[in-house]
Asks: 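Pasting in a structure now, in C-alpha cells, and then I'll have a few things to ask.
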There are 2 protein chains.
Amino acid sequence: MQKKTVKRSGAGASAPAPLQDERPANDGEGGASDQEIYERVITSIMEHRLPPGTKLGEDKLAKIFGVSRARVRQVLARLALERVVVLHPNRGAFVAEPTVEEAREVFEVRRPLEALVVHRIVAKKDPAIIARLRAHVAAEEAARAARDRRAIIRLSGEYHVLLAELSGSTLAARLMHELASLTCLIIFLYDAPTVPACRDQEHAEITQALADGDETTAIRLMAEHLEHVEACLDLSRGRPEELDLEAALAG
Amino acid sequence: MQKKTVKRSGAGASAPAPLQDERPANDGEGGASDQEIYERVITSIMEHRLPPGTKLGEDKLAKIFGVSRARVRQVLARLALERVVVLHPNRGAFVAEPTVEEAREVFEVRRPLEALVVHRIVAKKDPAIIARLRAHVAAEEAARAARDRRAIIRLSGEYHVLLAELSGSTLAARLMHELASLTCLIIFLYDAPTVPACRDQEHAEITQALADGDETTAIRLMAEHLEHVEACLDLSRGRPEELDLEAALAG
DNA sequence: AATATATCTTTTGTCGACAATTTATCGATA
DNA sequence: TATCGATAAATTGTCGACAAAAGATATATT
C-alpha cells in the first residue's frame with residue numbers, strides 16, 4: 001500500500017481569494033466549479049504529482065474534470081498569470097520550470113514580505129491566531145510522522161500563506177499564495193537530494209516567538225528559516241536537462 | 001481645445017510581461033491583439049479616463065476594439081486577477097474601487113519592495129540605467145509643464161515600474177506593475193483636492209542618489225517619497241458614496 | 001397613488017463547431 | 001539505410017449561437 005497522503009488543513013490556508021463573489025457552486029453531478037478545478041490543479045502541482053514541464057492538455061483536463069474546454073482554459077490562464085504554468089502559443093500549457101534566477105528572485109521578495117507579515121501578526125496579539133498556527137504546525141508534524149514528503153512540502157508552503165492570511169492583509173496573502181506555489185516548484189526542482197529534513201521545527205519556533213509577542217526574534221527566525229530553505233537548494237547551476245544539453249553540445 | 005495628453009515614454013515602463021511568448025501580432029485591419037487591448041484599457045484606467053466604478057460591458061468593449069467578446073473577456077479576467085477591475089457574477093466587470101484598507105495595504109507592501117528595487121539598482125552600477133531613469137523623469141517634467149494631470153499620475157506610477165524593470169528582477173517588476181496600477185486608482189479616489197504638486201521633484205532626487213551610488217540616501221528618499229504620497233491622500237474615512245449613503249441613512 | 005407582479009430587454013455565462021497551427025507518421029529518394 | 005518531404009492526426013485558437021440571469025418597463029391590484 002502507498003504512503004497515505006495527509007489531508008490538507010481544512011479551512012484556512014491556501015484558499016486563494018475567490019476572485020469573484022460567491023456563487024451557487026455547481027457542485028452537483030459531474031461538473032466541477034472553476035475554483036475546484038483551480039485548487040485541484042495547483043495542489044497537484046504543489047505536491048509534485050504534476051512535475052515541472054508536464055503538459056496540461058486542455059481536452060485531457062476537460063475530460064478529467066467533466067467540464068468543457070473553455071472552463072479549463074480559464075483556469076489555465078489564471079495559473080499562467082500566477083506563473084505556475086507557462087503558455088506556449090499553439091503548443092499548450094505546461095507546468096512551469098522556474099529558472100535559477102527566478103528562484104532567487106522569489107526568495108528575495110519573500111524575505112521582506114514575510115517580515116511585514118510577522119510584524120502585523122505580532123501587532124494583532126490575537127490568541128486565536130496563535131491557535132490556528134499551532135494547529136497547522138501540528139498538521140505539518142503529522143505529515144512528517146507519516147513520511148509524506150509531498151504533503152510536507154505543500155503544508156510548509158501553506159504555513160506561510162496562512163500566516164499572511166491571519167495577518168489581515170489580503171494583498172500580502174495573495175502575494176504569498178503565489179510565492180509559496182512557486183517556492184514549492186522550486187524546491188522540487190532544485191532541492192538537493194540530501195535530505196528534506198532541513199527545516200523541521202522552525203515553523204514551531206517561529207510560532208512560539210509570535211505567541212510570546214517577540215517581534216525581533218520572530219523576524220530573525222523567519223529570516224534564518226528562509227535562508228535555510230534557500231541554502232538547502234542547489235542553485236549553483238541550471239536545472240538538469242538544460243545543463244546536460246549544453247554540456248553535451250559543448251563536448 | 002483640450003489639454004494635450006503627453007505620450008507615454010515609448011519603450012520601457014509599464015509594459016507588463018507579455019505572459020506568452022511573442023506571436024505574429026494581429027496588427028493589421030480592425031482587430032487589436034490581446035496585449036493591445038489590455039494596455040489601452042489599463043492605461044485608460046490609470047489615467048482616470050475610466051473612473052473607478054465604471055462598468056466595462058463586454059459587448060461595448062468588443063465593438064470598440066473591433067474584436068470578439070471572447071477576446072475582451074480574457075482581458076477582463078486578467079485585469080480582475082490584477083485587482084484593477086472586479087467581476088460581479090452575472091453583472092459584469094467594473095473598474096475597481098479600492099477600499100481604504102486595501103490602499104493602506106498597497107503602500108505597506110510597496111515600502112519594502114521599493115527598497116529592494118533600489119538596492120538592486122545601486123548594486124548594478126549601470127550608467128545606462130541612470131540614463132533611462134533621467135529620460136523618464138524628463139518626460140514627467142514635460143507632463144507637469146503641460147499641466148496634464150492624468151499623464152503626471154500615470155507617469156509617476158510608471159517611474160516605479162521602470163525602476164523595478166531596470167533592477168533586473170522580473171518578479172519585482174511584475175508586482176510593481178500591479179501595485180502601481182492600484183496606486184493610480186487610489187490616488188484618483190482619495191487624493192485630497194488640495195494639490196497634486198505634492199511630490200514634484202522627488203523622482204529626480206531619487207534618481208540622483210542612484211546615480212551617486214548612495215544606497216542609504218536613495219532608500220531614505222524613496223521611503224519619504226512613499227510617505228508623502230500616502231500623506232497626500234485622505235484615508236481618514238471611506239470613499240464618498242458609501243459614507244454619504246451611511247450618513248444619509250443614519251440621519 | 002403606490003406597491004407588487006409579470007413580461008420584456010439587455011447582458012453575461014456556457015458550449016460546441018470550425019479554422020489554423022503544430023506534431024507525428026508515412027513514403028519517396030539519394 | 002538515412003534523410004528529406006508530403007500527408008495525416010491531434011491540439012490549440014477563435015468565433016458565433018444559445019441559455020440563463022439580472023435589470024427595466026409596463027400593467028394590474030390594493
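Keep in mind that what you see is a predicted model, and the values were worked out from it rather than measured. In what follows, chains are A, B, ... by sequence order, proteins preceding strands, each numbered from 1.
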Asks: For the pair made of CG in B:Leu87 and P in C:dG13, what is the distance, rounded to whole Å?
Replies: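 Rounding to the nearest Å, CG of B:Leu87 and P of C:dG13 are 7 Å apart.
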Asks: Could you check whether any side-chain heavy atom of A:Leu61 comes within less than 4.5 Å of a side-chain heavy atom of A:Phe65, counting everything from C-beta outward?
Replies: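 Counting from C-beta outward, A:Leu61 and A:Phe65 do come under 4.5 Å.
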Asks: Out of the candidates B:Glu114, B:His177, B:Glu165, only one should pair with B:His160 under the side chain to side chain donor-acceptor pair (under 3.5 Å) rule; please name it.
Replies: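 Of B:Glu114, B:His177, B:Glu165, side chain to side chain donor-acceptor pair (under 3.5 Å) with B:His160 is met by B:Glu114 alone.
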Asks: Can you check the A:His88 NE2 to C:dT23 C1' distance for me, whole Å?
Replies: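 In whole Å, C:dT23 C1' lies 15 Å from A:His88 NE2.
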Asks: Just N and O in the side chain of A:Arg71: are any of them under 4.0 Å from OP1 or OP2 of C:dC15?
Replies: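 It does, given that an N or O in the side chain of A:Arg71 lies less than 4.0 Å from OP1 or OP2 of C:dC15.
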Asks: Quickly, which of B:Arg69, B:Arg71, B:Lys63 forms a side chain to side chain donor-acceptor pair (under 3.5 Å) with B:Glu58? Name it, please.
Replies: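 Running side chain to side chain donor-acceptor pair (under 3.5 Å) over B:Arg69, B:Arg71, B:Lys63 with B:Glu58 returns exactly one hit, B:Arg69.
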Asks: Could A:Arg174 and B:Glu105 be called an ion pair, given the rule that one side-chain N must be under 4.0 Å from one carboxylate O?
Replies: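 No.
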Asks: Respond yes when some side-chain nitrogen or oxygen of A:Arg73 is under 4.0 Å from OP1 or OP2 of D:dG13, and no when none is.
Replies: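 A:Arg73 to D:dG13 OP1/OP2: side-chain N or O found under 4.0 Å.
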Asks: Nearest to the side chain of A:Lys55 - D:dT12, C:dC15, C:dT12?
Replies: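 That would be D:dT12.
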Asks: When you measure from the side-chain N and O atoms of A:Arg91 to the phosphate of C:dT21, is any distance below 4.0 Å, counting only OP1 and OP2?
Replies: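 Indeed not, no polar side-chain atom of A:Arg91 lies that close.
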Asks: Whole angstrom is fine here: how far is it from CG in B:Asn90 over to P in D:dA20?
Replies: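 B:Asn90 atom CG is separated from D:dA20 atom P by 12 Å.
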Asks: Counting only side-chain heavy atoms from C-beta out, which of C:dC15, D:dT12, D:dT14 sits nearest to A:Ala70?
Replies: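 The answer is C:dC15.
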Asks: Please report the distance, rounded to the nearest Å, between CG in B:Leu56 and P in C:dT12.
Replies: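 Nearest whole value for this atom pair: 10 Å.
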Asks: Nearest whole angstrom, please: distance from the P of D:dT12 to the CZ of A:Phe94.
Replies: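 Taking CZ of A:Phe94 and P of D:dT12, I get 8 Å after rounding.
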Asks: Roughly how many Å is it from CZ in B:Arg69 to P in D:dA17, rounded to a whole number?
Replies: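 Taking atom P of D:dA17 as the reference, CZ of B:Arg69 is at 12 Å.
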Asks: NZ of B:Lys60 versus C1' of C:dT11: gap in Å, rounded?
Replies: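 Rounded to whole Å, this separation is 10 Å.
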Asks: Would you mind reading off the distance between B:Glu58 atom CD and C:dG13 atom C1', rounded to a whole angstrom?
Replies: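 These atoms are roughly 8 Å apart.
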